[in-house]
Amino acid sequence: MTSHSYARYLSPSYWFSLVFNFFYVLVQHVIIWLFKPPPPPGPEYPKNPKGRIAVIGAGLTGVSSAAHAIAHGFDVVIYEQDDKIGGIWAHVNKTSGLQLNSLLYRFHPAVLWSCTFPHRDEILSEIRRIWKEYQLEPRTRFNTRVASVKRKPGTGEHIKDDPAHSQSKWIINGGEDGEFDAVVVTIGTCGQPMRIKFPGMPQHDDNASDTGSEKHEGDDEEVFQGEVLHSSELDNAKLGGKTIVVIGSGASGVEAVETALEQGAKHCVMLARDDKWIIPRNIVLDTMIAAQPFGREMPLSVIWEKIITAWNYHGAEHLVPARLGIFESTPVVNDEFISQVKKGQCDYIRCDIQRLTKDGVRVKVRGREDKPREGKEEKEIKGDVVVLATGFKKPELSFFEDDLFPEGYERPNLYLQNFSTEDWSVLMTNSSYQNAIGTVGHFHIGIYMRILLTFLMDPYARPTSKDMKLWVDVIRFVKSGARGGALSFFTYMELTIWLLLFHIFRLDRLKWLFFIMQGWGVYPAEYKEKKGKGKAKTQTQTPQLKFGSTKGVEPDGDAVQGI
């Protein structure tokens with residue numbers, strides 16, 4: 001061992017990192033011990049399911065939702081149009097990682113992260129581990145696009161006004177997998193890459209021969225001679241020594257700049273139509289910002305904007321958004337980008353895109369206070385590669401019947417922002433999300449799933465269509481004037497308040513509080529019995545408690561754990 005190797009043991013930062021990582025993993029093990037629901041003991045379980053649930057999408061949210069359902073005794077079938085699990089995480093660059101501290105990005109209680117900001121491969125590994133541990137592999141239909149979701153004729157006829165005595169049964173793709181008691185849509189908000197077509201952009205002609213002939217949108221002016229890539233295509237791109245022009249200023253744009261510079265790009269230029277707030281990767285600050293309970297810009301929100309400006313934008317105040325509040329759009333969580341701009345590695349230009357030219361992009365430059373389309377100074381930004389950080393298309397819901405999302409109550413204007421106001425058995429976890437300060441990969445995935453399971457087990461806990469629409473209308477009134485709409489943006493504290501009020505306004509639901517919020521209870525007895533067979537016969541069996549209810553459905557033989 002060299003003297004250099006010994007020297008690291010004398011470094012305070014080495015020991016601090018070692019102690020921090022130890023406690024970081026320890027905290028996660030405590031969370032796992034407290035909240036992880038028991039997986040089924042084998043692929044044949046549950047043998048006596050309480051119901052059947054269809055999950056559309058095998059991304060992070062779909063796998064987590066299905067794992068929660070099967071842990072509490074419900075059978076599931078997952079439909080995935082791709083040939084692998086992971087959703088959007090399976091289609092981003094390997095350098096893409098969490099923007100929020102992984103301690104806050106616990107999409108399932110069994111997750112065990114190795115570091116604070118893991119990248120794509122570790123995230124996919126954890127999704128795959130949960131998928132296998134909860135026996136979801138044989139329950140997943142790969143390469144299966146959901147074309148239709150229909151009610152079974154004769155079911156759900158009075159679901160809107162009398163849900164306690166009416167329940168829908170669902171048929172997926174004609175019924176090959178039988179009937180389902182509920183449908184959980186976890187297609188997310190990111191579908192296929194969105195490639196905005198600018199004039200002068202080279203584009204392959206599908207009708208051309210294999211000679212590689214190209215065409216471009218617009219008139220007969222020049223076509224960009226370099227390479228045009230979407231921000232999700234940078235893994236194998238050759239960017240070393242090149243000038244990269246990134247169109248788009250959101251999270252994917254910031255990550256594109258970071259990836260390009262890591263791969264040896266000579267210089268980057270970000271062309272920004274809209275500004276985004278960039279906040280540091282600090283778990284305390286990020287949690288405090290997300291703890292704002294109003295879910296919209298408030299008079300005192302300027303205090304947080306001043307704090308973030310002083311903390312994160314020192315020396316680069318020209319990057320601070322002039323017309324956007326911190327509680328009006330999802331911020332970008334990043335520690336590198338502002339530093340890269342200050343070092344001259346990346347230029348940040350507010351502008352309106354005119355067209356691609358032979359050598360780059362022609363724009364009209366705007367000032368910090370100017371709105372889009374108010375650019376006046378025309379300028380050509382030269383570059384070797386143009387990266388379209390223009391996001392992803394929003395997945396469609398064309399497979400559903402039209403009456404599930406009537407006008408005024410379509411995404412994101414849903415009950416608790418995730419349930420169809422016309423039928424409580426249709427859950428849209430993270431599929432109606434637009435903007436928030438928090439994360440879509442948090443513990444609310446399990447909470448929403450357990451709310452649905454509660455509706456299935458207890459008919460008298462179910463809401464009517466009128467109740468659900470009233471909830472949406474009240475939120476609209478309380479947040480009237482919010483930019484983009486009342487439910488287009490929320491903070492995590494606001495979401496927590498919604499879920500708590502769900503119980504308080506209906507006291508008959510309080511008996512389910514610890515099950516819904518913490519996941520404690522309703523563990524299938526058959527899982528425990530199977531596990532117990534491997535233990536000594538002399539082991540004393542713990543008496544089982546049951547949920548007692550004079551109304552509704554009592555879970556048969558389910559052990560209830562209370563803490």
Side-chain angles (χ1 to χ4, degrees), residues 104 160-161 163 189 277 279 286-305 307-308 321 323-331 404-424 426-440 442-445 447-448 450-452 454-455 461-510 512-513 516-517:
L104 300 179
K160 291 185 179 182
D161 53 9
T189 57
W277 279 95
I279 63 178
D286 296 348
T287 301
M288 291 177 67
I289 296 173
Q292 196 256 46
F294 303 106
R296 58 167 295 182
E297 195 75 2
M298 300 293 289
L300 295 181
S301 298
V302 67
I303 296 176
W304 280 116
E305 292 163 10
I307 291 173
I308 295 168
R323 299 179 297 100
L324 181 71
I326 185 67
F327 295 104
E328 293 182 324
S329 179
T330 304
L404 284 172
F405 306 100
E407 184 177 355
Y409 299 95
E410 58 279 279
R411 294 182 291 177
N413 301 305
L414 308 179
Y415 177 56
L416 299 178
Q417 209 204 39
N418 285 275
F419 287 91
S420 164
T421 59
E422 309 306 297
D423 196 317
W424 55 264
V426 174
L427 174 59
M428 307 277 296
T429 307
N430 291 341
S431 295
S432 61
Y433 168 91
Q434 290 189 348
N435 286 287
I437 292 185
T439 170
V440 297
H442 212 335
F443 58 77
H444 69 267
I445 296 173
I447 292 176
Y448 276 116
R450 291 189 294 270
I451 289 176
L452 176 63
T454 298
F455 290 161
R462 301 169 184 169
T464 64
S465 178
K466 182 179 179 181
D467 292 339
M468 292 190 283
K469 287 181 177 177
L470 177 62
W471 184 90
V472 174
D473 294 339
V474 168
I475 296 298
R476 282 175 173 153
F477 175 77
V478 171
K479 296 178 67 176
S480 57
R483 178 170 178 165
L487 285 162
S488 66
F489 180 93
F490 64 90
T491 63
Y492 222 81
M493 177 58 73
E494 183 185 10
L495 174 62
T496 303
I497 292 172
W498 295 348
L499 297 172
L500 289 174
L501 292 179
F502 168 83
H503 296 86
I504 294 173
F505 286 154
R506 285 282 301 272
L507 295 180
D508 56 323
R509 293 173 178 163
L510 281 176
W512 297 100
L513 176 64
I516 290 175
M517 298 301 292

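Keep in mind the model is a prediction, meaning the values are calculated, not measured. Index from 1, following the sequence.
Nearest heavy atoms, Ile279 versus Ile326: CG2-CD1, 4.1 Å. The two atoms that bring Gln417 and Phe490 nearest to each other are OE1-CE2, 3.4 Å, heavy atoms only. Of all the heavy atoms in Thr421 and Asn413, the pair that sits closest is CG2-O, 4.3 Å. Of all heavy-atom pairs spanning Leu324 and Arg483, the tightest one is CD1-NH1, 3.6 Å. The two residues Trp471 and Leu416 have their closest heavy-atom pair at CZ3-N, 3.2 Å.
The number of heavy atoms from other shown groups lying within 6.0 Å of CE (Met298) is above 12.
There is no side-chain donor-acceptor pair under 3.5 Å between Asp423 and Ser420.
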TODO: Start with the C-alpha distance between Lys469 and Glu422, add both sets of side-chain angles, then the distance that settles side chain to side chain contact (heavy atoms under 4.5 Å, CB included), and finish with yes or no.
DONE: CA-CA 8 Å; Lys469 287 181 177 177; Glu422 309 306 297; 2.8 Å; yes

Exercise. Decide side chain to side chain contact (heavy atoms under 4.5 Å, CB included) for Gln292 and Ile437; before the verdict, give the C-alpha distance in whole Å, the side-chain angles of both, and the deciding distance to 0.1 Å.
Key: CA-CA 9 Å; Gln292 196 256 46; Ile437 292 185; over 6 Å; no

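Cation-pi geometry between Arg509 and Phe502 is met: under 6.0 angstrom from the ring centre, within 45 degrees of the axis. A cation-pi arrangement is present between Arg476 and Tyr409, with the terminal nitrogen or guanidinium carbon under 6.0 Å from the aromatic centre and inside a 45° cone about the axis.
Under the 3.5 Å distance criterion, the side-chain polar atoms of Thr189 are left unmatched by any main-chain donor or acceptor of Ser431.
Note that the CH2 atom of Trp277 and the OG1 atom of Thr330 stand 14.5 Å from one another [nearest 0.5 Å].
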